[in-house]
Colleague: 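Got a structure for you, questions after.
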Amino acid sequence: MIYVLLFEGIDKSGKDSIINEFRKITSSKHMTCNRGLLSNIVYNSIYKRNIKEKEYWKSFDAFMKSKIVKLIYVFADFNVLKQRHKKLNEKDL
């Protein structure tokens, strides 16, 4: 079975690195996405964007009920995140 894998997580948590390694290991057999509806809901809230949040949650729930969709939450130690942001001259956390 081919899956849709949604990699969610804070900036610089390693989503792209994990996705790239996963694609190599599986010969890109599965569809991988860096962020999805969940991130849209979170970031729209943070940046006070005008969205119909209930509709996003309905879509998210329906999507997650699919047997082919898997949500993978990626996280990293706070100090590691700070180092990654600093290395790339991005705003500190």
Side-chain angles (χ1 to χ4, degrees):
M1 178 179 282
I2 295 177
Y3 292 100
V4 176
L5 304 170
L6 303 175
F7 289 82
E8 294 278 6
I10 191 169
D11 292 348
K12 307 293 177 268
S13 60
K15 296 179 301 296
D16 286 324
S17 297
I18 292 170
I19 288 170
N20 289 335
E21 287 302 312
F22 184 81
R23 286 178 180 159
K24 286 179 198 174
I25 292 167
T26 63
S27 300
S28 297
K29 179 180 176 184
H30 305 284
M31 180 178 171
T32 55
C33 303
N34 182 339
R35 298 216 169 117
L37 287 167
L38 187 57
S39 286
N40 281 324
I41 294 167
V42 170
Y43 283 100
N44 286 326
S45 175
I46 290 170
Y47 294 112
K48 303 198 183 335
R49 297 177 183 145
N50 188 18
I51 65 163
K52 295 178 181 176
E53 191 170 323
K54 281 186 179 182
E55 295 302 316
Y56 271 79
W57 280 114
K58 283 182 191 176
S59 296
F60 178 76
D61 288 342
F63 202 55
M64 292 310 299
K65 286 179 183 173
S66 167
K67 293 182 191 269
I68 65 165
V69 176
K70 304 295 178 193
L71 177 65
I72 301 160
Y73 184 75
V74 179
F75 60 95
D77 178 78
F78 183 73
N79 291 322
V80 171
L81 292 171
K82 284 182 75 162
Q83 290 172 356
R84 291 175 183 171
H85 278 259
K86 185 176 182 177
K87 182 179 177 183
L88 297 168
N89 292 322
E90 295 187 4
K91 277 186 171 179
D92 198 10
L93 297 172

Colleague: Name the residue from Trp57, Tyr73, Tyr56 that meets the side-chain contact (heavy atoms from CB on, under 4.5 Å) definition with Leu38.
Modeller: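 When side-chain contact (heavy atoms from CB on, under 4.5 Å) is applied between Leu38 and each of Trp57, Tyr73, Tyr56, only Trp57 qualifies.
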Colleague: How about Lys58: does its NZ atom have over 12 heavy atoms from other parts shown lying under 6.0 Å from it?
Modeller: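 Not more than 12 within 6.0 Å, no.
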Colleague: Taking all non-hydrogen atoms of both residues, which atom of Met1 and which atom of His30 are closest, and how far apart?
Modeller: O-CE1, 3.4 Å
Colleague: Can you hop from Leu81 to Ile72 via hydrophobic side chains spaced under 4.5 Å?
Modeller: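 Unlinked, Leu81 and Ile72 end up in two clusters.
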Colleague: If the condition is side-chain contact (heavy atoms from CB on, under 4.5 Å), which residues does Ile18 pass it with, not counting sequence neighbours?
Modeller: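 Partners of Ile18 by the side-chain contact (heavy atoms from CB on, under 4.5 Å) criterion, ordered by chain and then number, come out as Phe7, Val74.
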Colleague: Which atom names give the shortest non-hydrogen contact between Glu8 and Gly36, and what distance separates them?
Modeller: OE2-N, 3.0 Å
Colleague: To the nearest 0.5 Å, how far apart are OG in Ser28 and CG in Asn20?
Modeller: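 Going from OG on Ser28 over to CG on Asn20, the span is 9.0 Å.
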Colleague: Is Leu5 reachable from Phe75 through a run of I, L, V, M, F, W or Y residues, each pair having side-chain heavy atoms under 4.5 Å apart?
Modeller: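 No, because Phe75 and Leu5 fall into different hydrophobic clusters, even though each may have its own neighbours under 4.5 Å.
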Colleague: Which heavy atom in Gly9 sits nearest to a heavy atom in Lys15, and how many Å separate them?
Modeller: O-NZ, 3.2 Å
Colleague: Please tell me whether Ile41 and Tyr43 are part of a single hydrophobic cluster in this structure, the criterion being side-chain heavy atoms less than 4.5 Å apart.
Modeller: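 Result: no, two separate clusters.
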Colleague: Does Met31 CE have over 12 foreign heavy atoms under 6.0 Å away?
Modeller: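 For Met31, atom CE is not crowded (no more than 12 foreign heavy atoms under 6.0 Å).
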Colleague: Quick one: NZ on Lys70 to OG1 on Thr32, what's the gap to the nearest 0.5 Å?
Modeller: 15.5 Å
Colleague: Could you tell me whether the side chain of Phe63 reaches within less than 4.5 Å of the side chain of Leu71, counting heavy atoms only?
Modeller: no
Colleague: Holding to side chain to side chain donor-acceptor pair (under 3.5 Å), I want the full list of residues that pass it with Lys87, two or more places apart in sequence or in another chain.
Modeller: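 Side chain to side chain donor-acceptor pair (under 3.5 Å) check on Lys87 returns nothing, list empty.
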Colleague: Of all residues at least two apart in sequence or in a different chain, which pass the side-chain contact (heavy atoms from CB on, under 4.5 Å) check with Asp61?
Modeller: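 Not a single residue meets the side-chain contact (heavy atoms from CB on, under 4.5 Å) criterion with Asp61.
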Colleague: Mind checking the CG-NE2 spacing from Asp11 to His85? Nearest 0.5 Å is all I need.
Modeller: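 Between atom CG of Asp11 and atom NE2 of His85 there are 5.5 Å.
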Colleague: Under 3.5 Å, side chain of Arg35 to main-chain N/O of Leu6, donor-acceptor pair present?
Modeller: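 Flag not set: sc Arg35 to bb Leu6 has no pair under 3.5 Å.
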Colleague: Quick check: is Tyr47 connected to Val42 through a chain of hydrophobic side chains (ILVMFWY, heavy atoms under 4.5 Å apart)?
Modeller: yes
Colleague: Set out, in order, the CA-CA distance, both residues' side-chain angles and the distance that settles side chain to side chain contact (heavy atoms under 4.5 Å, CB included) for Lys12 and Leu88, then state yes or no.
Modeller: CA-CA 10 Å; Lys12 307 293 177 268; Leu88 297 168; 3.2 Å; yes
Colleague: How many angstroms lie between atom OG of Ser13 and atom CG of Asp77, to the nearest 0.5 angstrom?
Modeller: 12.5 Å
